[in-house]
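Step one of this worksheet: look at the structure below.
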Amino acid sequence: MTYIVTDNCIKCKYMDCIEVCPVDCFYEGENMLVIHPDECIDCGVCEPECPADAIKPDTEPGLDKWLQINTEYASKWPNITSKKEPPVDAKEFDGVEGKFEKYFSENPGEGD
């Protein structure tokens, strides 16, 4: 098992999870974060820290797509180990349906 970031992170990107991760397995895209599944130690401390409830264990049904997305982009995006400010409009996008299709960006974030 590993933890993965799902679509509700898109355009929210709160980053509270980064502060508690003991192995620094988060990677930053332009408008979301992902977890590197091979680096995650399955400790679960990040899951309750996410205000957008976007972090899930990969054992939950229907998350195969998100496991693939986390795996792919963790190898393309820069590592991030320090919390930054979330987007100013993050609360407006929290809970919006269909965010992957509407807003997902393949572009990397800044990282550390």
Side-chain angles (χ1 to χ4, degrees):
M1 184 184 84
T2 186
Y3 284 85
I4 54 175
V5 180
T6 61
D7 62 339
N8 206 42
C9 183
I10 298 171
K11 294 189 76 69
C12 288
K13 200 164 105 173
Y14 288 112
M15 301 193 199
D16 298 61
C17 52
I18 293 168
E19 291 286 290
V20 297
C21 181
V23 294
D24 299 333
C25 64
F26 282 90
Y27 292 80
E28 184 183 16
E30 180 178 40
N31 65 5
M32 79 172 290
L33 303 172
V34 294
I35 293 172
H36 195 303
D38 294 335
E39 295 174 3
C40 176
I41 60 170
D42 312 328
C43 67
V45 297
C46 60
E47 185 180 22
E49 295 298 319
C50 180
D53 194 30
I55 299 174
K56 304 288 181 191
D58 71 344
T59 53
E60 284 192 16
L63 296 179
D64 291 343
K65 166 186 174 179
W66 288 102
L67 179 57
Q68 292 174 344
I69 289 167
N70 278 250
T71 301
E72 177 180 350
Y73 289 97
S75 67
K76 295 179 179 179
W77 291 346
N79 186 245
I80 182 164
T81 59
S82 299
K83 181 179 176 178
K84 299 176 187 175
E85 289 299 313
V88 294
D89 58 354
K91 288 186 181 187
E92 295 171 35
F93 287 95
D94 192 353
V96 170
E97 296 289 322
K99 291 202 296 186
F100 182 76
E101 294 76 19
K102 294 176 190 173
Y103 306 115
F104 177 76
S105 170
E106 295 184 355
N107 296 329
E110 295 174 7
D112 284 340

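On a predicted model such as this, the values are computed, not experimentally measured, just so you know. Heavy-atom basis, side chains included; hydrogens, waters and symmetry copies ignored.
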Task: Verify same cluster id: Val20, Val34 (apolar side-chain graph, 4.5 Å) - done: no
Task: Flag side-chain contact, heavy atom, 4.5 Å: Pro78 against Pro108 - done: yes
Task: Straight-line distance of Tyr27 OH to Lys76 NZ, nearest 0.5 Å - done: 15.0 Å
- [ ] State the SG-CG distance between Cys12 and Asp89, to the nearest 0.5 angstrom.
- [x] 8.5 Å
Open item on the list: Quick one: does any side-chain atom of Trp77 pair with a main-chain N or O of Glu72 as donor and acceptor, under 3.5 Å?
Closed with: no
Open item on the list: As an exercise, state the distance from CZ of Phe104 to CD1 of Ile69, rounded to the nearest 0.5 Å.
Closed with: 6.0 Å
Open item on the list: If I compare all heavy atoms of Lys11 with all of Pro87, which pair ends up nearest, and what's the gap?
Closed with: O-CG, 3.9 Å
Open item on the list: According to a hydrophobic-cluster definition based on side-chain heavy atoms being under 4.5 Å apart (Ile, Leu, Val, Met, Phe, Trp, Tyr only), do Val45 and Tyr3 belong together?
Closed with: no
Task: Single hit among Ile80, Thr81, Ile18 for side chain to side chain contact (heavy atoms under 4.5 Å, CB included) with Asp24 - done: Thr81
Task: Side chain Glu19, main chain Lys83, donor-acceptor under 3.5 Å - done: yes
Open item on the list: Whether Lys13 and Glu28 form a salt bridge (side-chain N of Lys/Arg under 4.0 Å from carboxylate O of Asp/Glu) is what I want to check.
Closed with: yes
Open item on the list: As a quick check of understanding, evaluate side-chain contact (heavy atoms from CB on, under 4.5 Å) for Ile10 and Phe100, giving each step before the final call.
Closed with: CA-CA 7 Å; Ile10 298 171; Phe100 182 76; 4.1 Å; yes
Task: Option from Asp7, Thr6, Asn8 for which side-chain hydrogen bond (donor to acceptor under 3.5 Å, both in side chains) with Lys99 holds - done: Asn8
Task: Where Val5 and Cys9 come nearest, the two heavy atoms and their spacing - done: CG1-CB, 3.4 Å
Open item on the list: Quick check: closest heavy atoms across Cys40 and Cys25, and the distance to 0.1 Å?
Closed with: CA-SG, 3.9 Å
Task: Nearest atoms (heavy-atom pairs only) where Thr71 meets Pro37 - done: OG1-CG, 3.2 Å
Task: Spacing of CG belonging to Asp42 relative to CD1 belonging to Ile35, to within rounding of 0.5 Å - done: 9.5 Å
TODO: Please round to the nearest 0.5 Å and tell me the distance separating atom OG of Ser82 and atom CZ of Phe26.
DONE: 13.0 Å
Open item on the list: Measuring from atom CD1 of Ile4 to atom CD of Glu47, what distance do you get when rounded to the nearest 0.5 angstrom?
Closed with: 10.5 Å
Open item on the list: Is there a path of hydrophobic side-chain contacts, each under 4.5 Å between heavy atoms, that joins Tyr14 and Trp66?
Closed with: no
Task: Derivation and outcome, side-chain contact (heavy atoms from CB on, under 4.5 Å), residues Asp58 and Thr2 - done: CA-CA 6 Å; Asp58 71 344; Thr2 186; 3.3 Å; yes
- [ ] Compare every heavy atom of Ile55 with every heavy atom of Cys17, then report the nearest pair and how far apart it is.
- [x] CB-CD1, 3.6 Å
Task: Carboxylate-amine/guanidinium proximity below 4.0 Å for Glu101 and Lys65 - done: yes
